[in-house]
**Q** 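Got a structure for you, written out below as structure tokens; questions coming shortly.
Letters A, B, ... mirror the listed sequences (proteins, then strands); counts begin at 1. Model, not experiment: these values are computed from the prediction.
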There are 4 protein chains.
Amino acid sequence: MAVRKGLKPKHFIVDVDGVMTDGRFYYTPDGKAMKAFGPDDHDGLLLLKPYLNIHIVSGDKKGFPITQKRVADDMKMRLDLVSTVERVRWMEESGYKPEEVIYMGDGIFDAAVFDKVGYSIAPANAFYLTKKHADFVTHSAGGDSAVAEACVHILKKFFKPFDPLDFQLEKSSGEWASKK
Amino acid sequence: MAVRKGLKPKHFIVDVDGVMTDGRFYYTPDGKAMKAFGPDDHDGLLLLKPYLNIHIVSGDKKGFPITQKRVADDMKMRLDLVSTVERVRWMEESGYKPEEVIYMGDGIFDAAVFDKVGYSIAPANAFYLTKKHADFVTHSAGGDSAVAEACVHILKKFFKPFDPLDFQLEKSSGEWASKK
Amino acid sequence: MAVRKGLKPKHFIVDVDGVMTDGRFYYTPDGKAMKAFGPDDHDGLLLLKPYLNIHIVSGDKKGFPITQKRVADDMKMRLDLVSTVERVRWMEESGYKPEEVIYMGDGIFDAAVFDKVGYSIAPANAFYLTKKHADFVTHSAGGDSAVAEACVHILKKFFKPFDPLDFQLEKSSGEWASKK
Amino acid sequence: MAVRKGLKPKHFIVDVDGVMTDGRFYYTPDGKAMKAFGPDDHDGLLLLKPYLNIHIVSGDKKGFPITQKRVADDMKMRLDLVSTVERVRWMEESGYKPEEVIYMGDGIFDAAVFDKVGYSIAPANAFYLTKKHADFVTHSAGGDSAVAEACVHILKKFFKPFDPLDFQLEKSSGEWASKK
């Protein structure tokens with residue numbers, strides 16, 4: 001669905017596995033041991049932060065300690081454990097009007113979330129049926145800057161285009177030396 | 001071979017390495033340490049479960065503890081160690097009529113299995129000769145949702161198409177919060 | 001160079017990194033920790049074994065314990081540490097006539113080896129200049145069955161084509177349950 | 001920008017993540033645990049060393065111990081921790097005239113660096129906006145020989161083309177047995 005008339009997006013809700021990662025679950029005999037996060041996504045989200053409330057969600061319970069380390073501890077982003085099939089209800093309970101939400105997801109059940117939110121984005125590697133239901137599909141895959149590309153797209157479509165030769169970082173730019 | 005006339009598939013037998021993983025064996029000096037499983041496959045198999053008996057097989061003895069952790073412990077799927085060249089005999093001994101089996105594999109010796117079963121599926125990354133013998137080749141590669149795509153294909157071809165905007169999960173859907 | 005007239009290949013000499021692996025060196029703060037080997041290559045080499053002497057070479061000293069574990073211990077293949085720029089001399093000193101050698105390599109310096117051997121093969125991911133000097137470039141990349149594809153190519157070109165529906169494994173086929 | 005008239009490049013400054021690696025940050029619950037470096041890049045840089053001062057820079061503070069192990073300890077290259085947005089100032093403070101610098105980077109903020117240096121190179125996997133600002137984009141991706149390809153390109157464009165059938169390695173070529 002296209003953005004509903006008269007509504008401005010207020011929130012960017014982003015799935016983790018396959019969106020901020022390459023989607024792989026690296027297993028040892030002891031279980032899920034590793035995930036692979038990609039470049040640029042943290043930078044892209046920081047560019048978007050002045051305009052939207054950013055909230056990261058993951059449905060992966062067993063791998064949540066890995067996700068927490070990356071997203072909550074290192075990127076200092078808000079993170080919650082919410083399964084895909086409960087996300088629309090969770091938005092409503094959290095006080096997010098779905099029609100004010102830009103949502104990015106990749107999984108087999110994400111089309112049902114796309115159907116309810118204001119604007120939906122899928123990375124290039126998303127499940128093939130899911131991509132058909134997205135308002136925008138990035139050229140980049142999860143773990144290869146898909147979220148950064150989505151952020152640049154959102155800035156251009158809803159706010160102020162990112163100019164790579166003329167941009168300003170927030171005061172918190174002291175963090176850039178440790179940004180990844 | 002196409003599905004034999006008058007026969008309904010009863011079983012979905014799925015290989016592990018290169019089908020549910022990206023095919024890589026991550027080695028340390030101590031041996032095979034890690035495998036990379038992908039997104040959506042568990043979800044796809046759960047959608048198929050009401051229709052078919054699902055059985056996972058792997059020929060990888062040294063990496064079997066990793067496979068067991070993912071497939072048996074975390075996904076709660078039935079799993080056996082069976083080398084590719086023994087799989088047709090194993091089906092027969094297990095009481096599975098090969099012509100009632102849908103089989104998904106990727107390896108250099110899998111064409112001989114494809115030749116005996118009712119319907120055969122290869123992921124995009126399968127060995128090039130093997131793909132020529134498959135009834136269906138997914139667009140996705142192993143570790144990138146190939147099994148999920150196969151499940152959606154099977155649902156459409158033999159049972160009831162998956163509608164991403166109107167589907168129901170089993171009662172066991174309490175598991176979705178930890179589904180990956 | 002094409003195979004020299006009147007000469008039959010006697011040896012298949014295969015590089016490791018980028019040919020039997022995806023070329024990546026997975027580093028921790030303690031150094032080179034992991035390499036990613038692919039599917040089918042072991043199987044392909046076993047099909048070729050009745051026809052050619054197979055010898056694996058690696059120039060990677062720091063990662064050699066990883067390579068030894070995979071190639072020597074698990075695959076039971078002959079393995080030596082030989083830098084790319086010394087490989088032609090090493091062949092001669094080892095009693096291998098270079099013109100009787102089929103050599104597979106991917107690196108920036110491998111073209112100079114290709115120039116001296118009887119027949120040369122590069123995987124799809126080989127350095128772009130190197131591929132221009134190869135007699136055959138596989139469609140598959142290292143770590144994605146490139147060696148297996150090379151083996152099937154060699155069987156067809158020099159010996160007896162592999163028929164995936166009619167092949168026999170050596171007596172040692174008891175190993176197939178642990179083949180990877 | 002093209003190379004400024006009358007200026008010869010004196011320095012090759014190379015970013016790490018996404019340029020010398022595949023860009024992925026492999027995370028465990030304990031944090032950034034692994035990076036994946038690629039083949040050929042070390043070899044390519046050694047070919048370029050007689051012509052240019054080579055300096056590697058990374059903005060990744062949390063992963064710096066991994067980068068140090070690979071770049072400083074194993075490759076014996078000069079390495080500094082400098083965030084992307086401070087790199088032009090850092091060049092000036094280090095006595096490097098930006099117009100004498102060839103710079104290779106991939107990130108969302110690298111276009112601003114490209115704008116100030118003499119010649120800029122991006123790997124195939126660079127952020128899509130960044131590639132539009134590069135003087136040269138390699139066909140290879142980071143972690144798949146992008147730096148080696150850049151080195152061969154630089155040799156041809158500014159110095160003496162690399163001939164894979166006729167090249168000489170420095171006296172330090174004793175290192176080739178441990179080159180990776």
**Q** My understanding is that only residues two or more places apart in sequence, or in another chain, count here; which of them pass salt bridge (charged side-chain N to carboxylate O under 4.0 Å, His left out) with D:R89?
**A** D:E93

**Q** Within the 4.5 Å heavy-atom criterion, are D:F25 and A:R70 side-chain neighbours or not?
**A**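 Yes. Closest side-chain heavy atoms under 4.5 Å.
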
**Q** Given that the side chain runs from C-beta out, which part of D:D30 has a heavy atom under 4.5 Å from chain A: side chain, backbone, both or neither?
**A** backbone

**Q** With only heavy atoms counted, which part of A:S140 is less than 4.5 Å from chain D, the side chain, the backbone, both or neither?
**A** neither

**Q** Taking side-chain contact (heavy atoms from CB on, under 4.5 Å) as the criterion, tell me which of A:K69, A:K32, A:M34 meets it with D:T28.
**A** A:M34

**Q** May I ask you to test the A:P39-D:D17 pair for a side-chain heavy-atom distance under 4.5 Å?
**A** no

**Q** What residues, two or more places apart in sequence or in another chain, satisfy salt bridge (charged side-chain N to carboxylate O under 4.0 Å, His left out) together with A:D144?
**A** D:R24

**Q** Classify the ring geometry of D:Y27 against A:F37: parallel below 30°, tilted from 30° to 60°, perpendicular beyond 60°.
**A** perpendicular

**Q** Looking at OH of D:Y26 and CG of A:D22, how far apart are the two atoms once the value is rounded to the nearest 0.5 Å?
**A** 6.5 Å

**Q** Below 4.5 Å from any heavy atom of chain A, which atoms of D:Y128 appear? Answer side chain, backbone, both or neither.
**A** side chain

**Q** Indicate yes or no: at least one non-hydrogen side-chain atom of A:L47 is less than 4.5 angstrom from one of D:F109.
**A** yes

**Q** Write down the atom of D:A111, the atom of A:P164, and the distance for their closest heavy-atom approach.
**A** CB-CB, 3.8 Å

**Q** Any side-chain heavy-atom pair from D:H133 and A:L165 closer than 4.5 angstrom?
**A**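 Yes, their side chains come closer than 4.5 Å.
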
**Q** Counting neighbours of NZ on D:K131 that are heavy atoms of other residues, nucleotides or ligands and sit closer than 6.0 Å, is the number greater than 12?
**A** yes

**Q** So does D:I108 get a backbone contact from the side chain of A:D43, meaning a donor-acceptor N/O pair under 3.5 Å?
**A** no

**Q** Of the backbone (N, CA, C, O) and the side chain (C-beta and beyond), which part of A:A33 lies under 4.5 Å from a heavy atom of chain D, both, or neither?
**A**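 The backbone, not the side chain.
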
